[in-house]
Amino acid sequence: MSRRRRYAAAAAQIFLAGEAAAADHDPFLALSTHVEGVVNYVRASEVQALVDLNQSKCLLVLTNGEELRAWQKCASIAGDPKQFGFVAFTSPFGSVFIFPGFVSSLRGTNRSGCNMALRNARFIPVEESCADAHKALTAE
């Protein structure tokens, strides 16, 4: 089996394990909007990453390439990140939650941080080194 096929098979297993874990819980994440009292919902299995943009907004990067903004911190959306299979990291404005199966590469930055490339070619910066990020992504 080629390296690429082994990687794809491993990523699929991780993805399915995350979906199975989420099956016992509400599969949707609730997102506060800029309109008071209006809430949007997105299926957790469609989220590649949640990134705090500032002190009050979270960016959700979806598998179809769409990006949604929520008017709340990512931690309040993700709740317990392990519930949906997300791994937590730190960013300049708070937290980043990434589903490991969607990370295609890790690239070091000049500031000793790491840029994680998602399958849709979107880069997500984290403050951890790539070595530490790799450990977190591959840990059980």
Side-chain angles (χ1 to χ4, degrees):
M1 185 181 267
S2 73
R3 179 181 280 173
R4 177 178 260 171
R5 285 188 180 164
R6 281 190 306 243
Y7 175 76
Q13 288 175 342
I14 291 170
F15 180 74
L16 292 174
E19 280 195 344
D24 295 337
H25 308 288
D26 185 354
F28 289 91
L29 300 173
L31 313 175
S32 296
T33 67
H34 65 288
V35 178
E36 188 174 336
V38 176
V39 177
N40 292 328
Y41 295 88
V42 64
R43 186 173 293 279
S45 62
E46 296 299 316
V47 178
Q48 294 186 71
L50 297 97
V51 182
D52 279 324
L53 296 176
N54 58 36
Q55 300 306 322
S56 62
K57 289 184 189 158
C58 177
L59 174 73
L60 287 83
V61 181
L62 305 182
T63 57
N64 65 1
E66 188 178 359
E67 296 179 352
L68 301 176
R69 295 187 195 288
W71 273 252
Q72 65 197 96
K73 297 292 280 183
C74 293
S76 67
I77 296 170
D80 176 12
K82 292 179 183 178
Q83 174 183 350
F84 294 108
F86 293 113
V87 177
F89 297 96
T90 56
S91 73
F93 294 109
S95 299
V96 171
F97 300 95
I98 294 181
F99 188 77
F102 292 120
V103 177
S104 61
S105 67
L106 306 172
R107 301 176 188 176
T109 66
N110 292 338
R111 296 183 315 270
S112 74
C114 188
N115 280 327
M116 295 186 192
L118 301 178
R119 287 188 195 165
N120 65 357
R122 176 85 155 83
F123 283 96
I124 305 296
V126 297
E127 292 183 343
E128 289 81 0
S129 69
C130 286
D132 289 342
H134 177 259
K135 287 178 191 173
L137 289 170
T138 57
E140 291 283 349

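The OG atom of Ser129 sits 11.5 Å away from atom NE2 of His134, with the distance rounded to the nearest 0.5 Å. Atom CZ of residue Phe86 and atom OG of residue Ser95 lie 13.0 Å apart, to the nearest 0.5 angstrom. Distance check, rounded to the nearest 0.5 Å: CG of Asn54 to CG of Leu59 gives 11.0 Å. To the nearest 0.5 Å, atom CE of residue Met116 and atom CG of residue Leu118 are 9.0 Å apart. Separation of atoms CD1 (Ile124) and SG (Cys114) is listed at 11.5 Å; rounding is to 0.5 Å. Here Phe99 contributes atom CZ and Glu46 contributes atom CD; the two are 11.0 Å apart, rounded to the nearest 0.5 Å.
In the model, Ser32 has a side-chain atom that pairs as donor or acceptor with a side-chain atom of Gln72 under 3.5 Å. Side chains of Glu128 and Thr90: a donor-acceptor N/O pair is present below 3.5 angstrom, by distance only.
Under the 4.5 Å side-chain heavy-atom criterion for grouping Ile, Leu, Val, Met, Phe, Trp and Tyr, Phe89 is connected to Leu53 within one hydrophobic cluster.
You'll find the side chain of Arg69 stays beyond 4.5 Å of the side chain of His34, heavy atoms only. Side-chain contact check for Val39 versus Thr33: every heavy-atom pair is 4.5 Å or farther apart. Put simply, the side chain of Asn115 does not reach to within 4.5 Å of the side chain of Leu106, judged on heavy atoms. By the 4.5 Å heavy-atom criterion applied to side chains, Thr63 and Asn120 are not counted as neighbours.
Counting only distance, with no hydrogens or angles, the side chain of Gln48 and the backbone of Leu62 share a donor-acceptor pair below 3.5 Å.
The aromatic rings of Tyr41 and Phe28 sit perpendicular, their planes meeting at an angle over 60°, well past the 30° parallel limit.
The disulfide (SG to SG under 2.5 Å) contacts involving residues 33-73 comprise Cys58-Cys74, where partners must be two or more places apart or lie in separate chains.
Among Val51, Val42, Asn40, the single residue meeting the side chain to side chain contact (heavy atoms under 4.5 Å, CB included) criterion with Leu60 is Val42.
The heavy-atom pair separating Pro125 from Ser91 by the smallest distance is O-CB, 4.3 Å. Summarising the geometry of Arg119 relative to Ser104, their closest heavy-atom pair is N-OG, 4.3 Å, with the distance given to 0.1 Å. Smallest separation of non-hydrogen atoms from Leu29 and Ala44: CG-CB, 4.0 Å. Phe97 and Pro81 get closest at one heavy-atom pair: CE2-CG, 3.4 Å.
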>> Could you walk me through whether Arg107 and Ser105 satisfy the side-chain hydrogen bond (donor to acceptor under 3.5 Å, both in side chains) test, starting with their C-alpha distance in whole Å, then the side-chain angles of each, then the deciding distance to 0.1 Å, before giving a yes or no?
In response: CA-CA 7 Å; Arg107 301 176 188 176; Ser105 67; 3.3 Å; yes
>> Does Leu50 form a side-chain contact (heavy atoms from CB on, under 4.5 Å) with Val96? I'd like the steps, not just the answer.
In response: CA-CA 6 Å; Leu50 297 97; Val96 171; over 6 Å; no
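Look at Asp52 and Lys57 and you find no salt bridge, because none of the NZ, NE, NH1 or NH2 atoms lies under 4.0 Å from a carboxylate O. In this structure, Arg122 pairs ionically with Glu67, as a charged nitrogen and a carboxylate oxygen lie closer than 4.0 Å.
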